[in-house]
Amino acid sequence: MQENSKIKLGSSDIIIKTIAYIFIGLFSLACLLPFILMISTSFSTEGLIRKTGFAIIPKGFTTYAYELVLRNSKQLFGSYVVTILMTVGGTLLGLFIISMTGYALQRKDFPFRNQISFYIYFTTLFSGGLVPFYLLISKYLGLKDNYLAVFLPLLMSPWLIILMKNFIKAIPFEITESGKIDGAGDITIFVKLILPMLKPALATIGLFLALGYWNEWYNSMLFLSAKVEYRPLQYHLYKIVNEVASLKNSVAGSNVVVTSLPLETLKMSTAVVATGPIILLYPFVQKYFIAGITVGAVKG
Amino acid sequence: MKRNQKAEAASVSTVGKTSFIKNLWKYRVLCFMCLPAILFFLVFSYIPMPGAYIAFTNFNYAKGIFGSEFVGFDNFKFLFTSGKITMLTRNTLLYNLAFILIGNTLQIFVAILLNEIKNKHFKKVTQTFMFLPYFISAVLVGLLVYNLLNYDFGFINSIIRQFGGDPIKVYANKTVWPFIIVLVHLWQQTGYGSIVYFAAIMGIDAETVEAARVDGANAFQKIKYIILPGLKPTIIILLLFSMGSILKGNFGLFYNIIGPSNSMLFPTTDIIETYVFRTMMNNFNFTQASAVGLYQSVFGFALVLFCNWIVKKIDSDYSLF
C-alpha cells in the first residue's frame, strides 16, 4: 500500500512539473515575442519588410531608421527632457505626499483617520466622468496646453495611498511613541524615523508613479494641442504611429525624400527609443517590486 | 482590537463641535500632512462631480456648465432610444467579465505552476519575461498588435503566406476582435496578477502540505484540497475589488488597438469610455458624452453597492464597507 502510493505520488508530480515547465516557458516566450519583433523590425530594411513582412530576425540588417530618428532629434530630445522632468519630479513629489498621508491615516491616535480615508476611497466608487473633468482642467483651471494639466492628475491615486497605508501599518506604533517621548514632533518622527524604514514601499510605489508618468499619453492627448512644442514621449510615439504627417515631420530637414521614408521601421525604432529606459530600469527594482506588491496588496 | 477602534470612532463622532475644533488643533500637524491629498481629491475628483449636471443641459461652452439651458432627460432619451447605451453596456460588461473570470483563472493557474518550479534561474527569467508587458504604455501595446496582425506585413500573415495560405484581413473583421482584445489583456496582465496569488501560496503553511503528502495525497490532490482552498480569501478579495470597476473600461487598450476611426469594428469593440471620448473630442458633443458618462458612474456605483450588499449577506468579513 505504502509503496503503491509512493509511485502514484511520483508520477503525478512529474506530470505537473512537466506541465509547469512547458506552460510557463511557452507563456514567457509569448510575452517576449512581440518585443523581439519590434526590435527586429527596427533594424530591418524597409523594402524587404514590405516584400515579405515582419520577422523575428532582422531582414537586411541596417541602422538606417535609427539614424533618421536621431538625425533630426530636436523634437525627440525635447520629449525626453519633458518626460524625464515629469517622471522624476512627479515620482518624488507624489511619494512624499502619499507617504505623508499614508502615515497620518494609519496613526491610531488620529481621530479623523476614518473620515479622511473614506473621503479618499469614495472617489474610486463615484466620479463626475470625463466631460466635467475635461471642462474643469481646460475651461475653469485654464490649464489647456499647460504641462501642469498632464503632471498634476498623475500625482496620486486612492489605490496608492491605501497601498502605502498598509505598508506603514507593518511598522510598530512603539516607534512613533518612542519618538514622542523623546520630544519629537509628528513631522520629525515621520521624516527621521518612519521614512527610512519605508524603502521597499517607496521603491514599489515610486515605480508605479514612474510608470504612470513615463507611459503617460492620455492627458497629453486631451490637453496638449499642436501649440505645445515638446510632447511627452509616449504621446510623441502615439502621433508617430497614428499620423503619417507627424512621422514625416519627425524627420523633416534630414534630407530624405519623403516618399522613400521607411515608415514601418521608423515607427518601430521610435518605439524602441521611447520605451527603452523604463524597461532597462525594471530589472533593478523588480526585487523590491515583487516583495512590495506581496506585502501591500493583500489586506492585513 | 477592532471593537476598540470602533468605540473610539463612535466617541469621536458623538462628542460635539467644540471637541472637533479642539481635535483639529491638537492634531493640526497630522491634519496638515493630509492636506495636500485632501485638496488633490477635492479639485480633481469632488469638484467635477456636480459638473455631471451638464448631462441635463443644452451645453454652451461660452456660457459654462451652470449658465447653459436646462433640458431635463432629453439627452438620455436619445441615447436609450437609439440603442447606443444597450450596446455599450453589453460590450463593457462582457469584456470586463471575460477579463475578470478568464484573467483570474489564468493568474491562479500560472501561480500554481510557478510554485511547482524549483529551478531558481528558470523561475527568475520567466517571471521577468512575463512581467515585461505590464511595463509598457498602451500606445506601444497598440503598435505591437499592429506588428503582429497587419494585413500587408504583419508577422502572423507573413507566416501564413510562407506556408501558402491566404492572409487574414483582421482589421476588417469585427467578430475576431473580442478574442484578440481578451488575449492581449491576458498577455499584458497575467504576469503581474499572478504575483499576488503566488505570494498567497507561499503563505500557506508548509507543514500542512507536508502532512498531506505523508498521508499519501498526490500532487493533484495537494492542489485541489490544500492550495485552492488556501487561496480562497485572496480570490474573493481580488474578485470584489474588480467587481467595483466592472463598468469602467480599459480605455488605453481599446483605443490604441482599434484606433479612433475604424468604425467597422465598433459594434464589437466600442466600450463606454471610447464612445464618450470620441463623442467629446471628435464631435464636440459635450452633452451626450456627459450623459453616457453620468449613466456609467451611477450604474457602476449601484453595482458596487449591490455587490457589497450581497457579500455582506454571505460573509461580512469580506465586504468593502
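Chain identifiers are assigned alphabetically (A, B, ...) following the order of the sequence lines, protein sequences preceding nucleic acid strands; residue numbering begins at 1 within each chain.
- Formation of a donor-acceptor pair under 3.5 Å by the A:N242 side chain with backbone atoms of B:G259 is not found in this model.
- The shortest heavy-atom contact between A:T101 and B:M33 is OG1-O, 3.9 Å.
- Without hydrogens or angle criteria, A:Y21 side chain to B:F122 main chain gives no donor-acceptor distance under 3.5 Å.
- With a 4.5 angstrom heavy-atom cutoff, B:Y61 touches chain A via backbone and side-chain atoms both.
- Residue contact with chain A, scored on non-hydrogen atoms closer than 4.5 Å, involves the backbone and the side chain of B:L24 alike.
- Ranking A:K267, A:M38, A:Q234, A:M156 against chain B, the residue ahead of the rest is A:M156, based on heavy-atom pairs under 4.5 Å.
- For chain B, the option among A:G129, A:G185, A:A104 with the highest count of heavy-atom pairs below 4.5 Å is A:A104.
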Next on the checklist: Before you tell me yes or no, could you show the steps for A:F122 and B:S45 under side-chain contact (heavy atoms from CB on, under 4.5 Å), namely the whole-Å CA-CA distance, both residues' side-chain angles and the distance that decides it to 0.1 Å?
Outcome noted: CA-CA 9 Å; A:F122 183 75; B:S45 302; over 6 Å; no
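- Comment: A:D109 does not engage B:K26 in a salt bridge, judged by the lack of any side-chain N to carboxylate O separation of less than 4.0 angstrom.
- For the set A:F27, A:Y103, A:F35, the count of heavy-atom pairs under 4.5 angstrom toward chain B peaks at A:F35.
- Side chain of B:W187 to main chain of A:A30: a donor-acceptor pair is present (N/O by atom type, distance under 3.5 Å, no hydrogens or angles).
- Of all heavy-atom pairs between A:S157 and B:F41, the closest is C-CZ, 4.0 Å.
- Side-chain atoms of A:K17 never come within 3.5 Å of backbone atoms of B:I117 as a donor-acceptor pair (strictly under, hydrogens ignored).
- The candidate from A:Y238, A:W217, A:F190 with the greatest count of non-hydrogen atom pairs under 4.5 Å with chain B is A:W217.
- Within a 6.0 Å radius of CZ in B:F220, other residues, nucleotides and ligands contribute more than 12 heavy atoms.
- For A:L37, the parts lying near chain B are the backbone and the side chain together; criterion is any non-hydrogen pair under 4.5 Å.
- Residue contact with chain B, scored on non-hydrogen atoms closer than 4.5 Å, involves the backbone and the side chain of A:I24 alike.
- Of the two parts of B:L132, the backbone and the side chain both hold a non-hydrogen atom closer than 4.5 Å to a non-hydrogen atom of chain A.
- The two residues A:Y140 and B:G64 have their closest heavy-atom pair at OH-CA, 3.4 Å.
- There is no contact between A:I98 and chain B, counting heavy-atom distances below 4.5 Å.
- Using bins of under 30°, 30° to 60° and over 60° for the plane-to-plane angle, the ring pair B:F277/A:Y218 lands in the tilted bin.
- Neither the backbone nor the side chain of A:E216 comes within less than 4.5 Å of any heavy atom in chain B.
- Residue contact with chain B, scored on non-hydrogen atoms closer than 4.5 Å, involves the backbone and the side chain of A:I187 alike.
- Both the backbone and the side chain of B:M130 come within contact range of chain A, each with at least one heavy atom under 4.5 Å from a heavy atom of that chain.
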Next on the checklist: What verdict does the side-chain contact (heavy atoms from CB on, under 4.5 Å) test give for A:D186 and B:Y27, after you've listed the backbone C-alpha separation in whole Å, the side-chain angles of each residue and the deciding distance to 0.1 Å?
Outcome noted: CA-CA 9 Å; A:D186 290 321; B:Y27 293 101; 5.7 Å; no
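- For chain A, the nearby part of B:L186 is the backbone; its heavy atoms alone come within less than 4.5 Å.
- When heavy atoms are compared at a cutoff of 4.5 Å, B:A62 approaches chain A solely by way of its backbone atoms N, CA, C and O.
- When all heavy atoms of A:I161 and B:A37 are compared, the pair lying nearest together is CD1-CB, 4.3 Å.
- Proximity to chain B (any heavy atom under 4.5 Å) is shown, for A:I56, by both the backbone and the side chain.
- In this structure, chain A has heavy atoms under 4.5 Å from both the backbone and the side chain of B:V298.
- Counting all heavy atoms, side chain and backbone alike, A:N215 lies closest to B:I136 at ND2-C, 3.5 Å.
- Heavy-atom distances place both the backbone and the side chain of B:F155 under 4.5 Å from chain A.
- With a threshold of 4.5 angstrom between heavy atoms, B:N119 approaches chain A through its backbone and through its side chain.
- Interface remark: B:I223 contributes side-chain atoms only to the contact with chain A (heavy atom separation under 4.5 Å).
- Other residues, nucleotides and ligands contribute only 12 or fewer heavy atoms inside 6.0 Å of the NZ atom of B:K224.
- A:I116 touches chain B through its side chain: at least one heavy atom from C-beta onward sits under 4.5 Å away, while N, CA, C and O do not.
- The local environment of CG in A:L280 is crowded, with over 12 non-hydrogen atoms from other residues, nucleotides or ligands closer than 6.0 Å.
- Closest of all the heavy-atom pairs between B:P48 and A:P132 is O-CB, 3.3 Å.
- At a 4.5 Å heavy-atom cutoff, B:A55 makes no contact with chain A through either its backbone or its side chain.
- Panel note: side chain B:S158, backbone A:F54; a donor-acceptor pair is recorded below 3.5 Å.
- With a 4.5 Å cut-off on non-hydrogen atoms, A:F23 touches chain B through its side chain but not through its backbone.
- Using modelled atom types, one side-chain atom of B:S297 and one backbone atom of A:S127 make a donor-acceptor pair closer than 3.5 Å.
- At least one donor-acceptor pair under 3.5 Å links the side chain of A:S12 to the backbone N or O of B:A219.
- In this structure, chain A has no heavy atom under 4.5 Å from any part of B:Q162.
- Interface remark: B:V43 contributes backbone and side-chain atoms alike to the contact with chain A (heavy atom separation under 4.5 Å).
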Checklist entry - B:K222 and A:D13: salt bridge (charged side-chain N to carboxylate O under 4.0 Å, His left out), yes or no, with the steps? => result CA-CA 10 Å; B:K222 180 187 80 182; A:D13 269 323; 5.2 Å; no
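- When each of A:L152, A:L155, A:L33, A:L29 is scored by its heavy-atom pairs under 4.5 Å with chain B, the top score falls to A:L152.
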